[in-house]
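Below you'll find the structure, written out as structure tokens, and then a few comments.
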Amino acid sequence: MGRKRLVIEMGMGIDQHGQEPTVAAARAVRNAIAHNALPGVWEVAGLSDPNEMIVEVQVAVPYPEQVRTDEVLAVLPFGRKTITVESGGMVVQGRAIPSLNDKNDEMLIAIAAVTVLIEKD
């Protein structure tokens with residue numbers, strides 16, 4: 001059985017305070033799917049359950065080894081989900097605000113691609 005791509009959506013997420021790459025990555029995924037409707041999953045692909053979709057997430061973020069992948073995938077409401085996290089994104093000099101629990105002046109920017117696939121004969 002082969003796979004066919006239906007949709008690829010891209011997004012960006014930022015953690016301005018807290019220096020949490022997981023937060024930036026989850027926001028990037030949320031941004032990628034924020035304005036989607038996937039009627040083709042039912043009307044064209046013929047799936048009967050949204051959890052039959054295959055959803056592949058690729059995220060590029062500073063400090064990828066710190067990303068808690070389960071929290072990023074939790075942003076997605078449906079599908080058989082996988083994630084690949086790699087080094088990328090951007091670190092931008094911001095301003096540390098002690099009351100926001102900043103560890104330093106870094107703002108972390110992540111980018112994400114979310115691909116929806118289906119299995120076809």
Side-chain angles (χ1 to χ4, degrees):
M1 198 174 272
R3 291 180 171 190
K4 298 283 185 178
R5 293 179 296 168
L6 292 178
V7 176
I8 302 172
E9 292 288 338
M10 287 70 62
M12 179 190 70
I14 304 167
D15 185 23
Q16 293 184 27
H17 299 284
Q19 297 72 46
E20 285 286 342
T22 300
V23 170
R27 287 177 177 164
V29 171
R30 187 174 294 110
N31 178 251
I33 67 166
H35 303 285
N36 284 340
L38 300 174
V41 168
W42 294 273
E43 296 172 11
V44 177
L47 300 185
S48 59
D49 184 331
N51 285 310
E52 295 177 57
M53 295 184 296
I54 301 160
V55 184
E56 295 178 348
V57 175
Q58 183 176 359
V59 178
V61 63
Y63 317 115
E65 69 284 351
Q66 296 177 25
V67 173
R68 296 178 302 279
T69 57
D70 56 328
E71 292 180 32
V72 178
L73 289 177
V75 170
L76 301 167
F78 303 110
R80 297 177 359 222
K81 312 166 200 177
T82 60
I83 187 169
T84 303
V85 181
E86 58 191 67
S87 183
M90 186 180 291
V91 176
V92 177
Q93 188 71 26
R95 171 128 181 145
I97 299 174
S99 64
L100 296 177
N101 297 318
D102 280 329
K103 301 173 197 110
N104 55 49
D105 288 340
E106 293 180 347
M107 294 189 300
L108 306 182
I109 302 173
I111 56 170
V114 177
T115 304
V116 175
L117 307 99
I118 59 164
E119 290 185 349
K120 288 301 253 183
D121 297 330

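We count residues from 1, following the sequence as given.
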For a quick test of reading the model, state the closest non-hydrogen atom pair linking [X] to [Y] and the distance between them.
X: P62; Y: P21; result: O-CB, 3.3 Å
X: G11; Y: A32; result: N-CB, 3.7 Å
X: T22; Y: R68; result: OG1-N, 2.8 Å
X: N31; Y: M12; result: OD1-N, 3.0 Å

Spacing of [atom1] belonging to [X] relative to [atom2] belonging to [Y], to within rounding of 0.5 Å:
X: M107; Y: M90; atom1: CE; atom2: CE; value: 10.0 Å
X: R5; Y: I54; atom1: CZ; atom2: CD1; value: 13.0 Å
X: Q16; Y: L100; atom1: CD; atom2: CG; value: 10.0 Å
X: E52; Y: R80; atom1: CD; atom2: CZ; value: 8.0 Å

Side-chain hydrophobic cluster, 4.5 Å single linkage: members besides L108: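 Its cluster mates, by chain and number, are Y63, V91.
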Fellow cluster residues of I33, listed by chain then number, with links counted only when side-chain atoms sit under 4.5 Å apart: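 When side chains under 4.5 Å apart are linked, the cluster holding I33 also contains L6, V7, V29, L38, V41, W42, L47, M53, V55, V57, V59, V61, V67, V72, L73, V75, L76, F78, I83, V85, V114, V116, I118.
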Side-chain donor or acceptor of Q19 paired with backbone N/O of N104 under 3.5 Å: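 Judged by distance alone, yes, a pair lies under 3.5 Å.
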Where at least one partner belongs to residues 100-113, residue pairs that pass salt bridge (Lys or Arg N to Asp or Glu O under 4.0 Å), sequence neighbours excluded: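 Output for this query lists E20-K103.
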